[in-house]
Amino acid sequence: MGDSSVFRKRFIRWLEDNRGFIILVFCLPASFLFDTCLQLRNWFRRTFLSAPEKHDERVRDIQRRIRRWNDQPKDKRKPMCTSRPNWLSLSTTFFQKDQCEKIPVDLYNILDLDEERQVVRVEPMVSVGDITRYLIPRGYTLAVTLEIADATCGGLGLGVGMTTYSHRVGFYQEAVESWDVLLGDGSLVHATKDNEHSDLYHALPWSHGSLGLLVAMELKIIPVKPYLKLTYIPVHGEKAYCDMMRDLSGALDKTAKLPDYLEATVFSKEEAVVMVGNFTDVTDPKEKAKINHLASWYKPWFYKHVETFLQKGEDYEYIPLREYLLRHNRAIFWVVESMIPFGNNPLFRLLFGWLLPPKPAFLKFTTTPGVRAMTFAKQVFQDIVLPMTVLEKSVDRAEELFDTYPILIYPCRIYDHGPAMGQLRPPRQDQMCPGANYGMFYDLGVYGVPGPVKRRERYDPVHAMRSMEKFIREAGGYSFLYADIFMTREEFEEMFDLTLYEKVRKKYHAEGAFPHLYDKVKPEVDVFAIGKQCAEEFEK
């Protein structure tokens with residue numbers, strides 16, 4: 001028994017030491033073939049099966065399935081969920097769909113573009129890649145999107161989404177004009193913020209498919225120009241870059257002139273690069289020389305490119321808009337570096353960069369319980385929403401608990417819609433922008449391998465994450481629920497306001513028909529047992 005344990009530890013250590021080579025030889029080619037098959041399937045669907053005019057017919061087919069579920073004896077019914085495989089989701093968790101009645105929701109069409117109202121109507125499975133490919137040539141983009149092409153419009157709506165435009169408009173949910181939802185009894189409801197279903201409208205964001213099956217949504221769009229002028233501002237000193245983010249985002253002045261896009265990448269506690277972007281045309285031949293097609297496979301990963309400005313000093317360049325919106329796609333922010341440490345090497349990029357990124361769907365598809373436990377224990381993937389008032393404290397806390405850089409900062413408004421108007425509570429008075437109906441928050445993105453793991457020191461993921469969650473609750477912030485949470489049910493309800501959510505579950509026939517939100521998003525593994533096992537194995 002002892003020999004097998006020693007061998008297992010040595011084998012795992014060997015895999016860790018050689019993970020880049022293993023991923024290059026085995027994972028990337030397999031991921032590329034996997035993605036090629038998916039792309040061919042998607043092309044076939046768009047080319048031969050795309051039929052926006054059949055939307056109503058397809059919705060009626062889903063309704064029939066729900067009504068058949070209702071016809072079963074109550075003791076035979078299992079909660080419903082979509083039949084979309086877990087591995088196609090960007091969530092780090094694996095919800096146990098085998099314990100549910102799986103309902104196909106194969107809705108992938110862009111239904112209508114209303115330029116007068118500046119909204120686009122889409123089905124829920126339309127991806128960020130699809131919608132940007134459709135809108136940008138027409139002079140528009142979504143008011144709020146995500147930097148990963150595989151994310152879906154419906155997933156972002158029922159979960160959460162934000163981008164570097166969110167300091168102007170807020171979360172993805174603020175850009176939703178209407179929802180079309182099938183309820184647990186099979187009825188179709190059209191919910192807007194001011195019709196008779198406004199309670200459902202406000203409860204759907206952050207509900208993760210636990211209130212009904214989404215079949216269509218209207219999203220706000222904004223007019224754009226072909227390029228973004230992106231200015232890189234290196235800042236030294238934690239207080240300096242935190243103050244700059246508060247000033248540029250208008251956190252303390254609702255009349256401040258705001259850039260179109262705003263973000264910061266923190267490379268150490270005392271060093272960051274603040275990026276300010278504005279829509280523009282590029283017609284001057286001299287200025288065209290500053291166009292950077294950063295999505296090209298041979299180009300440096302975006303965050304590595306950003307880091308160079310710490311030495312080069314402030315400068316600007318022009319980026320084609322779609323390439324900017326998907327700028328983090330190739331390196332999945334900076335997660336790929338932990339998989340392939342030499343992945344940003346110029347020779348690697350030139351020869352193999354076209355294979356990147358390894359598809360999240362492929363990584364999830366090939367995840368075994370052992371791999372799931374190991375990645376949970378030795379990596380961190382967290383997006384955390386916090387008020388601007390604790391920006392410095394949150395960077396300090398993240399360094400103390402995880403000791404991994406870079407860290408991402410995206411400012412975002414959270415509006416005061418009144419009490420019990422969704423899962424997010426109104427901002428506290430000291431978090432509000434003076435004279436405005438919103439407070440300025442931000443997403444703190446912490447991704448990668450914690451410092452203690454890199455140094456092969458003792459690391460307790462449960463202690464680290466529960467400490468961070470306690471900090472988040474006390475600060476009046478929120479954890480993004482695509483990632484593993486470590487909260488008890490009571491702690492979860494302390495962070496999120498489920499008052500309206502529970503009322504809506506009863507009113508709209510979700511109880512018994514769909515899993516509860518907490519059950520939907522909690523990890524499918526015993527996080528406490530795995531954390532304890534990791535600590536014990538280190539001490540052996």
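If you read the sequence from its start, that first residue is 1, and numbering goes on from there.
- In terms of the side chain to side chain donor-acceptor pair (under 3.5 Å) criterion, Tyr518 has no residue partners (sequence neighbours excluded).
- Residues Met440 and Arg246 have side chains not in contact (no heavy-atom distance under 4.5 Å, counting atoms from C-beta outward).
- Within the structure, the side chain to side chain donor-acceptor pair (under 3.5 Å) test picks out no pair touching residues 63-78 (sequence neighbours left out).
- Of the N and O atoms on the side chains of Ser83 and Lys97, not one donor lies less than 3.5 Å from an acceptor on the other residue.
- Going from atom OG of Ser198 over to atom CG of Leu500 covers 9.0 Å, rounded to the nearest 0.5 Å.
- Considering all non-hydrogen atoms of both residues, Gly476 and Gln431 come closest at CA-NE2, 4.3 Å.
- Scanning both residues, Arg330 and Leu294, for their nearest heavy atoms gives NH2-O, 3.1 Å.
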* Do Leu325 and Ile136 pass the side chain to side chain contact (heavy atoms under 4.5 Å, CB included) test, and can you show the C-alpha distance, the side-chain angles, and the key distance before you say yes or no? -> CA-CA 11 Å; Leu325 293 177; Ile136 289 176; 3.8 Å; yes
* Asked: Between His167 and Glu263, is a side chain to side chain donor-acceptor pair (under 3.5 Å) present by the stated rule, with each step listed?
  -> CA-CA 9 Å; His167 65 292; Glu263 63 181 301; over 6 Å; no
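- Taking all atoms of both residues into account, the shortest heavy-atom contact from Val144 to Met162 is CG1-CA, 3.6 Å.
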* To do: Output, in order, the C-alpha distance, side-chain angles, deciding distance and verdict of side chain to side chain contact (heavy atoms under 4.5 Å, CB included) for Leu424 and Trp206.
  => CA-CA 9 Å; Leu424 303 189; Trp206 298 77; 3.8 Å; yes
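- Note that CZ of Phe302 is 6.5 Å distant from OG1 of Thr265, once rounded to the nearest 0.5 Å.
- Using a 4.5 Å heavy-atom cutoff, the side chains of Leu386 and Phe471 are in contact.
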* Intermediate values then yes/no, side chain to side chain contact (heavy atoms under 4.5 Å, CB included), Leu262 and Met245 -> CA-CA 8 Å; Leu262 176 64; Met245 291 301 287; 4.0 Å; yes
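- A distance of 6.5 Å separates CG in Leu135 from CD1 in Ile110, rounded to the nearest 0.5 Å.
- Side-chain atoms of Asp497 and Gln423, non-hydrogen and from C-beta on, never get closer than 4.5 Å to each other.
- For Met217 against Trp179, the heavy-atom pair with the smallest separation is CE-CZ3, 3.7 Å.
- The shortest side-chain heavy-atom distance between Leu158 and Leu204 falls under the 4.5 Å cut-off.
- Distance check, rounded to the nearest 0.5 Å: CG of Asp443 to CZ of Phe171 gives 7.5 Å.
- Here the closest non-hydrogen pair linking Glu493 and Arg425 is O-NH2, 3.0 Å.
- By the 4.0 Å N-to-carboxylate-O rule, Lys507 lies close enough to Asp199 to be salt-bridged with it.
- The number of heavy atoms from other shown groups lying within 6.0 Å of CD (Gln429) does not exceed 12.
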* To do: Could you check Arg138 against Glu115 for salt bridge (Lys or Arg N to Asp or Glu O under 4.0 Å), going step by step and ending with a plain yes or no?
  => CA-CA 10 Å; Arg138 291 168 170 81; Glu115 296 186 68; over 6 Å; no
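- The backbone N or O of Glu116 sits less than 3.5 Å from a side-chain atom of Asp114, completing a donor-acceptor pair.
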* **Full working for salt bridge (Lys or Arg N to Asp or Glu O under 4.0 Å) between Arg58 and Asp61** => CA-CA 5 Å; Arg58 289 170 173 167; Asp61 183 60; over 6 Å; no
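- Remark: side-chain polar atoms of Asp484 are not paired, donor with acceptor, to backbone N or O of Pro523 under 3.5 angstrom.
- Side chains of Arg121 and Asp180 form a contact here, defined as non-hydrogen atoms less than 4.5 Å apart.
- Between the side chain of Lys520 and the backbone N or O of Pro515 there is no donor-acceptor pair closer than 3.5 Å.
- Between Phe496 and Tyr501, the distance separating the two ring centers is not shorter than 6.0 angstrom.
- Here the CZ-CG distance, from Arg397 to Leu444, works out to 12.5 Å after rounding to the nearest 0.5 Å.
- Between Ile384 and Met468, the closest side-chain pair of non-hydrogen atoms falls below 4.5 Å.
- A distance of 11.0 Å separates CZ of Phe492 from NZ of Lys522, quoted to the nearest 0.5 Å.
- For the ring-ring contact (aromatic ring centres under 6.0 Å, His included) test with Tyr447, the passing option among Phe333, Phe381, Tyr303 is Phe333; the others fail.
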* Kindly indicate, with the supporting measurements, whether the criterion side chain to side chain donor-acceptor pair (under 3.5 Å) is fulfilled by Tyr165 and Thr141. => CA-CA 11 Å; Tyr165 195 80; Thr141 191; over 6 Å; no
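- Minimum interatomic distance between Leu258 and Leu248 (heavy atoms only, all atoms of both residues): CD2-O, 3.5 Å.
- Each of Arg489, Arg505, Glu511 was compared with His516 under the side-chain hydrogen bond (donor to acceptor under 3.5 Å, both in side chains) criterion, and only Arg489 meets it.
- Atom NZ of Lys102 is surrounded by 12 or fewer heavy atoms from other residues, nucleotides or ligands within 6.0 Å.
- Glu101 places no side-chain N or O within donor-acceptor distance of the main-chain N or O of Met80, the cut-off being under 3.5 Å.
- Formation of a donor-acceptor pair under 3.5 Å by the Glu177 side chain with backbone atoms of Glu218 is not found in this model.
- Of the possible donor and acceptor atoms, none in the side chain of Asn437 sits under 3.5 Å from a partner among the backbone N and O of Asp416.
- Counting heavy atoms from C-beta on, the side chains of Arg428 and Thr389 never come closer than 4.5 Å.
- Looking at Thr132, its side chain does come within 3.5 Å of a backbone N or O of Val128 through a donor-acceptor pair.
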* To do: Would you check, one step at a time, whether the test side chain to side chain contact (heavy atoms under 4.5 Å, CB included) holds for Tyr172 with Cys153?
  => CA-CA 9 Å; Tyr172 190 92; Cys153 292; 3.4 Å; yes
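- Looking at heavy atoms from C-beta onward, Thr82 lies out of side-chain contact with Ile103 at the 4.5 angstrom threshold.
- A donor atom on one side chain and an acceptor atom on the other are found under 3.5 Å apart for Ser394 and Tyr442.
- Tyr201 and Asn195 share no donor-acceptor pair across their side chains, judged by distance under 3.5 Å alone.
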Review item, side-chain donor-acceptor pairs of residues 220-228, under 3.5 Å, at least two apart:
| from | atom 1 | to | atom 2 | distance (Å) |
| --- | --- | --- | --- | --- |
| Lys220 | NZ | Glu174 | O | 3.3 |

* Asked: Given Asp383 and Tyr482, is the side chain to side chain donor-acceptor pair (under 3.5 Å) satisfied, shown in steps?
  -> CA-CA 9 Å; Asp383 280 288; Tyr482 80 88; 2.6 Å; yes
